[in-house]
Structure formats: C-alpha cells, structure tokens
Enquirer: 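Input: one structure, supplied below.
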Amino acid sequence: LKLLPQRQEVKVPNIRTSDNIAVDVSVIVFYQVKDVSALMDNTQDPISEFRDCLIVDVNEHTMNETWASWVKATHKLSDIRTYQTLVSRAETLGIQIGKVVFKSFRAPDLLQRIVDKAVTRNSEREEEQQKAEQEQELLTLQAKSSSDRVHYRQQEQQQVSEGKLKVQAAEHDQLHKQEGELLELKLKKQRETNKNEILLQKELAQIEVEKSAKLHENERTFLVNLFKDTGLDVTKVLVAKNSKDPNSHQVTLQQDPDAVAGSTTKTSVITKTTV
C-alpha cells in the first residue's frame, strides 16, 4: 500500500446524454492515502469505489446535457466541484482527492467520425482564426513600427532643426557681440581721436595766445623804446594804429637836414590824417 501521492486513470462507460447518445469517458484521479486504518476498515478495492462514484458524478453532469452542449462543456469534467460523491466517499475511506482531470471521451463509431470531423473542422477554424489574428497582429505591429519610425524620423528631424536653430542663434549672438565690441572699439578710438584733437586745438590755441602775447609784448617794447628815442605823441600813434582804415593815418619819421654829422639826430614826427 503506497502512501505517496498517486494517480489512477478511470474509465466511465456508457454515459448517456439527454438526447440518448452513449459516451465512454476517461478521467485521471490524483489522490493520496491519509488514513490507512479507515481505508482498510471501509473497502477492499478503492479503485472500484472510485469508478462507482465517478459513474454517479459524470451521469449527474451528463444527463441534463444534449450531445452538443455536453461536448462544449467537457471542461467541467476537470472541475473538482463536479465530483462531490467521489470527494465525500474518499474522505470516508481516508483518501484525499487532489484533482480530477478529464482525459478523453469515445462516442459510437459513426458519431465518433462526425465528432472527429467536427473537431478537425473546429481545429482548422481555430487555426485559421489564430492565423488571421496573428496576421492582424503582424499588420498592427508593422503599422505601429512604421508609425514609430515616422515619429522617430520626425523627432530626429525636429532635433536636427532645433540644433541648427541653436547653432544659428549662437552664431548670430556671437556676431552681434563681435559687432558690438567692434563698434565700442571704434567709438573708443573716435573718443580718443576727438580728445586728442581737442587737446591739439587747445595746444594750438595756447600757442597762438602765447604768440600773440609775445607779439604784443614785442610791439609794446618797441613802442616804448620808440617813444623814448623819438618823443612821439603816444595818443596820435595809438589812434592811427587802432583806426578802422589803416590808410587814413600815416606816421612818418624824418631826420632834420640841418643836423650836423656826428651831432645828435633830431627826429620829427609828422602825422597826416586823411578824411
């Protein structure tokens, strides 16, 4: 007697649907003996017990189903909730039912051929549907990839355009900065030139003033000496000098002819006024 988890295939023959079609069903029972004493006290053949309980549970599931609906609902034969009689009896025997898996069914030959063809057609339809779905997914993926590529190219072009704009903006700013610096330099040089010209003009003006002052000083010295030597009338000389018409006044210096050589020179001043 094995106490490790085990499995047992059980065939349930001659199960009939509500439209009186006989079906043989095969399921696999996964179980484990938990209480040896209970098992030994209540049965001598647990597999037969399993078969009897499965017949009851599968019949209860099948008797209210038509053949078509039963075929569509075979997945319920793998649901442990379908086998309440089996689970209850196994607990009495000290056995724990892990799960029951539907393996296959067998209908009468003619019906089986029909079923096989239907299964084949269903399989083909499923394959075609899967193929169509795969093709649709592929088309969707290709469209998405194409859209992604277009979007990526647009982003790349936008980035390139933005980069060019940034470079152009930087070049423009640099050029504007250089032009500003050049203009500032020109203005600075112009200010320095103007300043130098102003300084030069001031120096020239100062030279002219000094020159004029020196000329006036020389003239004043000359006149003073002249006055001392000749005894000129200062008023007449100044009037003649400051007249608007220089030709209206003449100042003539002449020597006395009666003077003796070697004697003191006598000079007379003749002032002529022309109106």
Enquirer: Please report the C-alpha distance between E124 and K131 in whole Å, then the side-chain angles of each, then the deciding distance to 0.1 Å, and finally whether the salt bridge (charged side-chain N to carboxylate O under 4.0 Å, His left out) criterion is met.
Expert: CA-CA 10 Å; E124 291 176 352; K131 184 177 180 181; over 6 Å; no
Enquirer: State whether a side-chain donor-acceptor pair under 3.5 Å links E197 with Q201.
Expert: no
Enquirer: More than 12 foreign heavy atoms under 6.0 Å from CD of Q44: is that the case here?
Expert: no
Enquirer: Roughly how far, to the nearest 0.5 Å, is CD of E181 from CD of Q178?
Expert: 7.0 Å
Enquirer: May I ask you to decide if K11's main-chain N or O and S26's side chain share a donor-acceptor pair within less than 3.5 Å?
Expert: no
Enquirer: Looking only at side-chain N and O atoms, does Q134 offer a donor or acceptor that is under 3.5 Å from a partner on Q130?
Expert: no
Enquirer: Find out whether Q32 and Q6 are in side-chain contact, i.e. whether some heavy atom of one side chain is under 4.5 Å from a heavy atom of the other.
Expert: no
Enquirer: Are I55 and V29 linked, directly or through other ILVMFWY residues, by side chains that come within less than 4.5 angstrom of each other?
Expert: yes
Enquirer: Please report the closest heavy-atom contact between E65 and T17, naming both atoms and the distance.
Expert: O-CB, 3.2 Å
Enquirer: Going from CG on L204 to NZ on K211, what distance comes out if it is rounded to the nearest 0.5 angstrom?
Expert: 11.0 Å
Enquirer: Is it the case that over 12 heavy atoms from other parts of the model lie below 6.0 angstrom from the CZ atom of R7?
Expert: no
Enquirer: Is it the case that the side chain of D24 and the backbone of N14 share a donor-acceptor pair, with hydrogens and angles ignored and the cut-off at 3.5 Å?
Expert: yes
Enquirer: Going only through I, L, V, M, F, W and Y residues with side-chain contacts under 4.5 Å, is there a path from I80 to V12?
Expert: yes
Enquirer: Determine whether a donor-acceptor pair (N or O, by modelled atom type, separation under 3.5 Å) exists between the side chain of Y83 and the backbone of C53.
Expert: no
Enquirer: Is any side-chain heavy atom of V27 closer than 4.5 Å to a side-chain heavy atom of V25?
Expert: yes
Enquirer: Hey, are the side chains of I47 and Q8 touching, using non-hydrogen atoms and a 4.5 Å cut-off?
Expert: yes
Enquirer: Does the pair V33 and V36 meet the rule for a side-chain contact (heavy atoms from CB on, under 4.5 Å), with working shown?
Expert: CA-CA 7 Å; V33 177; V36 178; 4.2 Å; yes
Enquirer: Considering residues, nucleotides and ligands other than R81, do more than 12 of their heavy atoms fall under 6.0 Å from its CZ?
Expert: no
Enquirer: Is there side-chain contact between M63 and R16, with heavy atoms separated by less than 4.5 Å?
Expert: no
Enquirer: Is it true that atom NE2 of H176 has more than 12 heavy atoms of other residues, nucleotides or ligands lying nearer than 6.0 Å?
Expert: no
Enquirer: Could you measure the distance from the OG1 atom of T140 to the CD atom of Q136? Nearest 0.5 Å is fine.
Expert: 4.5 Å
Enquirer: Please give me the minimum heavy-atom distance between N42 and T92, naming the atom from each residue.
Expert: ND2-O, 3.5 Å
Enquirer: Quick one: does D19's side chain have a donor or acceptor within less than 3.5 Å of a partner on W67's backbone?
Expert: yes
Enquirer: Are V87 and L54 joined in one hydrophobic group, where the rule is that I, L, V, M, F, W and Y side chains link up if heavy atoms are under 4.5 Å apart?
Expert: yes
Enquirer: State which residue, out of H151, Q158, Q157, fulfils the side chain to side chain donor-acceptor pair (under 3.5 Å) condition with Q155.
Expert: H151
Enquirer: Quick one: pull up CG in N194 and CG in L200 and give me the separation to the nearest 0.5 Å.
Expert: 12.5 Å
Enquirer: Return yes if some donor-acceptor pair links the side-chain N/O of S88 with the main-chain N/O of Q84 below 3.5 Å, else return no.
Expert: no
Enquirer: Run the side-chain contact (heavy atoms from CB on, under 4.5 Å) check on E217 and L215 step by step: do they pass?
Expert: CA-CA 5 Å; E217 179 66 21; L215 288 174; over 6 Å; no
Enquirer: Take I97 and F30, measure what side-chain contact (heavy atoms from CB on, under 4.5 Å) needs, and give me the verdict at the end.
Expert: CA-CA 6 Å; I97 302 297; F30 293 81; over 6 Å; no
Enquirer: Between S212 (side chain) and E208 (backbone), is there a donor-acceptor pair under 3.5 Å?
Expert: no
Enquirer: State, with a plain yes or no, whether a side-chain heavy atom of W70 is found less than 4.5 Å away from one of T66.
Expert: no
Enquirer: Rounded to the nearest 0.5 Å, what's the gap from CG on L93 to CG on D41? Could you check?
Expert: 10.5 Å
Enquirer: Without hydrogens or angle criteria, can the side chains of E192 and N196 be said to hold a donor-acceptor pair below 3.5 Å?
Expert: no
Enquirer: Supply the atom-to-atom distance K177 NZ to E184 CD, rounded to the nearest 0.5 angstrom.
Expert: 13.5 Å
Enquirer: Taking L77 as the starting point, is it possible to reach V56 by hopping between hydrophobic residues whose side chains are less than 4.5 Å apart?
Expert: no
Enquirer: May I ask you to check whether over 12 heavy atoms, not counting those of R153, lie within 6.0 Å of atom CZ?
Expert: no
Enquirer: Do the non-hydrogen side-chain atoms of I95 and E91 ever get within less than 4.5 Å of each other?
Expert: no
Enquirer: Under 3.5 Å, is there a donor on one side chain and an acceptor on the other for D57 and T85?
Expert: yes
Enquirer: Verify the cluster assignment for F102 and I21: are they in a single hydrophobic cluster under the rule of side-chain heavy atoms below 4.5 Å apart?
Expert: yes
Enquirer: When you compare the side chain of F50 with that of L86, does any pair of heavy atoms fall below 4.5 Å?
Expert: yes
Enquirer: Quick one, Q206 with K202, criterion side-chain contact (heavy atoms from CB on, under 4.5 Å). Give me CA distance, side-chain angles, the key distance, then yes/no.
Expert: CA-CA 6 Å; Q206 184 65 27; K202 287 182 178 179; over 6 Å; no
Enquirer: Just checking, is any N or O donor in the side chain of H172 or Q168 under 3.5 Å from an acceptor N or O on the other one?
Expert: no
Enquirer: Within the 4.5 Å heavy-atom criterion, are T74 and K72 side-chain neighbours or not?
Expert: no
Enquirer: I'd like to know if the side chain of D79 and the backbone of T82 have a donor-acceptor N/O pair within less than 3.5 Å.
Expert: no
